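I have placed the structure first, in the form of structure tokens, so that the comments after it can refer back to it.
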Amino acid sequence: PAAAPARVPYLLHLDGAASVSGPGSPTLWRGIELGRPLSGGERFWLSAGARAEFLVGSGSSLRLLGEARLDVSRLDDRTLQMALTDGRVLLRVRNLWRGERVEIDMPNFAAVIDQAGDYRFEVDAGRGISRVGVAHGGVTLWGEGGERAELNTGQQFASGGRRLTPASGQELGRGDALDRYAYERDQANIVASRGYSAIDPSSSSVYVPQPVAPVVVPPVLVPAAPV
């Protein structure tokens with residue numbers, strides 16, 4: 001059989017209730033077991049207060065805190081495209097090879113990862129707000145009308161519209177339950193892979209930086225949004 005795509009998400013850890021539905025039966029939700037991969041077209045739901053970690057390639061991970069909903073829109077040898085419709089997610093991309101595309105779509109904009117790094121995504125479905133923060137790395141945001149904005153290390157952005165209109169007073173969470181979960185999982189993964197528990201705090205999971213004030217990057221118009 002053909003090898004699975006390198007970025008296929010495998011459920012590595014689960015604390016709480018979660019379920020998954022397939023493209024052929026979107027209203028039929030089933031339980032999910034550890035080690036199960038997500039395929040293109042599948043949707044993952046994490047209950048309130050639950051926590052989950054997916055392995056998405058060598059050294060790369062996706063951590064979620066419920067309640068959260070994540071759909072796998074496209075998955076092949078070069079592309080991992082997911083849609084976050086509610087909840088909070090931390091994405092660590094260890095390597096990004098030439099020709100690869102990692103994309104997180106949210107209700108207000110799409111985020112295309114430009115560099116290996118650590119990223120935080122939040123969707124407040126009730127308030128219609130999408131947020132993204134870059135602890136390390138770089139990401140390009142795309143609005144519905146082709147608007148474009150680039151974020152780099154230490155920057156964050158929030159929008160309540162679909163054309164990269166900034167939403168004031170909408171800062172990302174920092175030092176919350178999701179960050180603590182990511183730190184716990186980093187410790188557990190190091191212990192499992194190296195057989196010891198000593199951790200250098202400077203290399204631990206600090207996903208959301210601590211700037212004096214968030215940096216909002218104004219949209220830069222481009223001819224068209226990416227395919």
Side-chain angles (χ1 to χ4, degrees), residues 1-14 17-47 50-123 125 130 132 134 137-144 178 182 185 189 207 224-227:
R7 294 284 182 187
V8 61
Y10 288 91
L11 183 60
L12 189 62
H13 179 262
L14 177 63
S19 56
V20 64
S21 70
S25 52
T27 60
L28 179 61
W29 293 86
R30 304 177 183 275
I32 183 171
E33 65 277 0
L34 290 179
R36 184 191 186 284
L38 292 181
S39 302
E42 288 193 314
R43 302 182 299 168
F44 176 77
W45 177 80
L46 190 64
S47 65
R51 310 181 300 177
E53 177 184 36
F54 284 90
L55 181 69
V56 289
S58 178
S60 298
S61 61
L62 189 73
R63 279 82 179 251
L64 301 92
L65 180 68
E67 186 171 348
R69 161 83 181 275
L70 187 72
D71 303 347
V72 181
S73 307
R74 181 179 176 185
L75 178 63
D76 57 37
D77 291 337
R78 293 182 176 273
T79 303
L80 173 59
Q81 181 180 359
M82 298 174 288
L84 179 67
T85 56
D86 198 9
R88 290 174 281 175
V89 168
L90 294 175
L91 173 65
R92 168 170 289 174
V93 179
R94 182 68 68 188
N95 298 293
L96 190 65
W97 308 110
R98 179 177 297 180
E100 271 194 308
R101 184 183 181 94
V102 177
E103 178 176 337
I104 304 290
D105 298 329
M106 291 177 284
N108 303 97
F109 52 80
V112 179
I113 304 301
D114 297 324
Q115 304 173 26
D118 293 308
Y119 305 89
R120 182 177 182 123
F121 302 93
E122 297 182 359
V123 173
S130 300
V132 58
V134 183
V139 61
T140 299
L141 310 181
W142 294 89
E144 184 179 59
L178 181 56
R185 292 306 304 156
N189 292 338
Y207 290 89
V227 177

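Throughout, numbering of the chain's residues begins at 1 and tracks the sequence. What you see below is based on every heavy atom in this structure, not just the backbone, and it leaves out hydrogens, waters and symmetry mates. None of these values were measured; they are calculated from a predicted model.
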Nearest 0.5 angstrom please: [X] [atom1] to [Y] [atom2], how far?
X: R101; Y: L80; atom1: CZ; atom2: CG; answer: 11.5 Å
X: M82; Y: S73; atom1: CE; atom2: OG; answer: 9.0 Å
X: L55; Y: R92; atom1: CG; atom2: CZ; answer: 12.5 Å
X: F109; Y: L141; atom1: CZ; atom2: CG; answer: 5.5 Å
X: M106; Y: T85; atom1: CE; atom2: OG1; answer: 11.5 Å
X: S19; Y: F44; atom1: OG; atom2: CZ; answer: 7.5 Å

What heavy-atom pair brings [X] and [Y] nearest, and what distance separates the two atoms?
X: I113; Y: F121; value: CD1-CZ, 4.1 Å
X: G40; Y: P23; value: O-CG, 4.2 Å
X: D105; Y: A110; value: OD1-CB, 3.2 Å
X: G66; Y: L46; value: N-CD2, 3.4 Å
X: V56; Y: S61; value: CG2-N, 3.6 Å

Sequence neighbours left out, cut at 3.5 Å: what donor-acceptor pairs do the side chains of residues 27-39 make with other protein atoms?
unit_1 : atom_1 : unit_2 : atom_2 : d
R36    : NH1    : E42    : OE1    : 3.1
R36    : NH2    : E42    : OE2    : 2.7

Worksheet, complete the sentence: When V89, L14, L178 are each screened for side-chain contact (heavy atoms from CB on, under 4.5 Å) with L64, the one that passes is V89
N-O pairing of [X] and [Y] below 4.0 Å:
X: E100; Y: R98; result: no
X: R63; Y: E53; result: yes
X: D86; Y: R69; result: no

With a 3.5 Å distance limit and no angle check, can you tell me whether [X] reaches the backbone of [Y] through a side-chain donor-acceptor pair?
X: D76; Y: R78; value: yes
X: Y119; Y: G138; value: yes
X: N108; Y: S130; value: yes
X: D114; Y: T140; value: yes

Item to complete: Report yes if the side chains of L90 and L62 come closer than 4.5 Å at any heavy-atom pair, otherwise no.
Response: no
Worksheet item: Which is it for V139 and V112 under the side chain to side chain contact (heavy atoms under 4.5 Å, CB included) test, yes or no, and what are the steps along the way?
Response: CA-CA 6 Å; V139 61; V112 179; 5.6 Å; no
Discussion item. Under a 3.5 Å threshold, yes or no: a donor from one side chain and an acceptor from the other, between S60 and R7?
Written reply: yes
Discussion item. Run the side chain to side chain contact (heavy atoms under 4.5 Å, CB included) test on D118 and L91 for me, step by step, so that the C-alpha distance in whole Å, both residues' side-chain angles and the decisive distance to 0.1 Å come before the verdict.
Written reply: CA-CA 6 Å; D118 293 308; L91 173 65; over 6 Å; no
